[in-house]
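Indexing begins at 1, ligand by ligand and atom by atom, following the structure's order. Note that the structure is a prediction, hence the values are computed from the model and not measured.
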Amino acid sequence: MKILEHVSLKPYNTFGIDVKARYFAEVTSIEELTWVLQQDKYPNKMILGGGSNMLLTKDLDLLVIHIGLMGKEIIEQQDDFAEIKVMGGENWHDLVLWTLEKDLGGLENLSLIPGSVGSAPIQNIGAYGVELKDHFVSCEAMEIETQKLHTFSLQDCRFGYRESYFKHEGKGKYAITSVNFRLSTKDHKLRIGYGTIGEELSNTGILQPTIKDISKAVISIRQRKLPDPAILGNSGSFFKNPVVSVDIYEQLKERYPEIPSYKVSEDKIKIPAAWMIDSCGFKGLRQGDAGVHQYQALVLVNYGNASGEEILNLARQIQKKVKQNFGISIEPEVNVL
Ligand code: EPU
């Protein structure tokens, strides 16, 4: 394995930001990962997965380690469920398609989410009423400092809405090497109640959907609303949807009777940041090569040569205006580096 120097990270982040890594290594085995983490010559190291949830704002004066660990297998097959083990470098959507080919149910609503399997637990990826944690069994991660492999259970990961242990106490300390999922082998639980999935299915005349049909419906909805990072650089939702108290929600509802909302618990309400950003008039706005997507106001885009700073600047303007108009602070979902 070679350690390269001054490598452009443009192909390694879905925003397509052209910054350089001082050192760069691609690891394809646990042995290589162990070896590279032991190299004292490079004291500062960073683990890079699919690069689909980050905004790079400057050159990185460190050793960037790209996880290229591949492999997926069924490790336990029971009558009604199977457990699979997937290596961290696998592409998330390829994994979803692989499970569907084997008629394993659970991940279909998470179709077409960009990124790698090893990065997915970090922010507990979610879409259309399903989150990674719903099918997660455990993950294995190498501690960067000691090169020891640790197993993290569902509880250990402390998953929340786009949250986990790996975004807090565990931040920057581990490289996730593999993830185990538990999936159904029959009587799949179909989740079609969220958003427009039901509508999409009935429009195509499907009355008794299979998990493959659900995946297809999710793919068409996403393709209509969300930009393909291979064509237009982006990192999915840039901000998290804020969760507010019922009191605050009631006050907002008086001023904006049309405000959409989702109940999170008895006293908490989630408000779509996209709706607030849209109401502030940002949808479709373009400043140089940085912009707000024309169909989904929560997605910031790079029209070609935007710098991370330019995108960050636009994000700050959005945060400020949303705070002014609604009194609510919205926080980035992506990691800003
Ligand atoms: N809306 C607007 N204007 C817009 C876009 C949306 O007013 O430009 C309104 C919609 O009408 C709807 C509400 O905002 O009432 C919510 O929109 P949508 O259903 O598109 O979902 P979201 O809350 O914006 C979340 C996730 C997405 C996920 C979708 C579907 C977050 C931060 N984002 O978006 O996840 O795909 O739900 O489940 O939770 C991601 O994390 O990168 C991501 C794309």
Side-chain angles (χ1 to χ4, degrees), residues 13-15 49-55 92-93 96 107-116 119-134 159-164 167 191-200 214-215 217-229 232-244 249 252-253 256-264 268-285 291-301 315 318-319 321-322 325-326 328-335:
N13 72 101
T14 59
F15 249 127
S52 64
N53 201 41
M54 63 197 312
L55 177 64
W92 177 265
H93 183 60
V96 175
L107 305 183
E108 56 283 356
N109 293 46
L110 303 177
S111 297
L112 214 61
I113 296 184
S116 65
S119 307
I122 300 176
Q123 60 148 344
N124 180 26
I125 58 169
Y128 305 102
V130 178
E131 287 182 335
L132 167 126
K133 73 168 172 51
D134 303 333
F159 291 123
Y161 165 59
R162 300 295 193 274
E163 289 290 358
S164 77
K167 267 188 148 179
R191 286 143 311 177
I192 55 173
Y194 188 96
T196 48
I197 298 189
E199 208 178 297
E200 185 76 27
I214 293 179
S215 168
V218 168
I219 291 172
S220 7
I221 299 170
R222 289 188 76 99
Q223 282 175 338
R224 267 203 308 274
K225 290 214 299 202
L226 296 167
D228 177 352
L232 187 61
N234 75 90
S235 231
S237 299
F238 193 90
F239 300 101
K240 288 203 278 189
N241 288 326
V243 176
V244 302
Y249 167 70
L252 283 168
K253 178 106 181 136
Y256 307 97
E258 72 286 14
I259 192 166
S261 62
Y262 312 104
K263 194 170 165 184
V264 180
K268 298 271 183 238
I269 308 274
K270 197 186 267 182
I271 301 188
W275 180 84
M276 292 191 282
I277 299 168
D278 198 350
S279 311
C280 294
F282 282 105
K283 187 141 101 182
L285 178 93
V292 178
H293 188 52
Q294 52 178 333
Y295 304 131
Q296 206 340 333
L298 203 50
V299 178
L300 302 190
V301 294
I318 293 172
Q319 282 174 305
K321 191 83 184 153
V322 167
N325 287 10
F326 298 96
I328 293 180
S329 303
I330 52 170
E331 298 305 326
E333 193 216 83
V334 304
N335 297 307

Return the set of residues passing ring-ring contact (aromatic ring centres under 6.0 Å, His included) with Phe15 (not counting sequence neighbours), or none when no residue passes. none

Under the ring-ring contact (aromatic ring centres under 6.0 Å, His included) test, residues paired with Tyr161 that sit two or more places apart: none

Less than 4.0 angstrom from a charged side-chain N to a carboxylate O is my criterion; do Glu331 and Arg162 meet it? no

Is there a donor-acceptor pair closer than 3.5 Å between any side-chain N or O of Asn124 and the backbone N or O of Gly160? yes

Residue set satisfying side chain to side chain contact (heavy atoms under 4.5 Å, CB included) with Arg222, at least two apart, ordered chain then number -> Leu112, Ile113, Pro114, Ala127, Tyr128, Val218, Leu226

With the criterion set at N/O pairs under 3.5 Å, what does the list of contacts between the protein and ligand 1 look like, atom names and distances included?
unit_1, atom_1, unit_2, atom_2, d
ligand 1, 3 (N), Asp278, OD2, 2.7
ligand 1, 8 (O), Asp278, OD2, 3.4
ligand 1, 8 (O), Lys283, NZ, 2.9
ligand 1, 8 (O), Ala297, N, 2.9
ligand 1, 20 (O), Lys225, NZ, 3.1
ligand 1, 20 (O), Gln296, NE2, 2.9
ligand 1, 23 (O), Asn241, ND2, 2.9
ligand 1, 24 (O), Gln296, NE2, 2.9
ligand 1, 33 (N), Ser237, OG, 3.0
ligand 1, 35 (O), Arg162, NH2, 3.0
ligand 1, 36 (O), Arg222, NH1, 3.4
ligand 1, 38 (O), Tyr128, N, 2.7
ligand 1, 39 (O), Tyr161, OH, 2.7
ligand 1, 39 (O), Arg162, NH2, 3.3
ligand 1, 41 (O), Arg162, NE, 3.2
ligand 1, 41 (O), Arg162, NH2, 2.9
ligand 1, 41 (O), Glu333, OE2, 2.8
ligand 1, 42 (O), Ser237, N, 2.8

Without hydrogens or angle criteria, can the side chains of Ser261 and Tyr249 be said to hold a donor-acceptor pair below 3.5 Å? yes

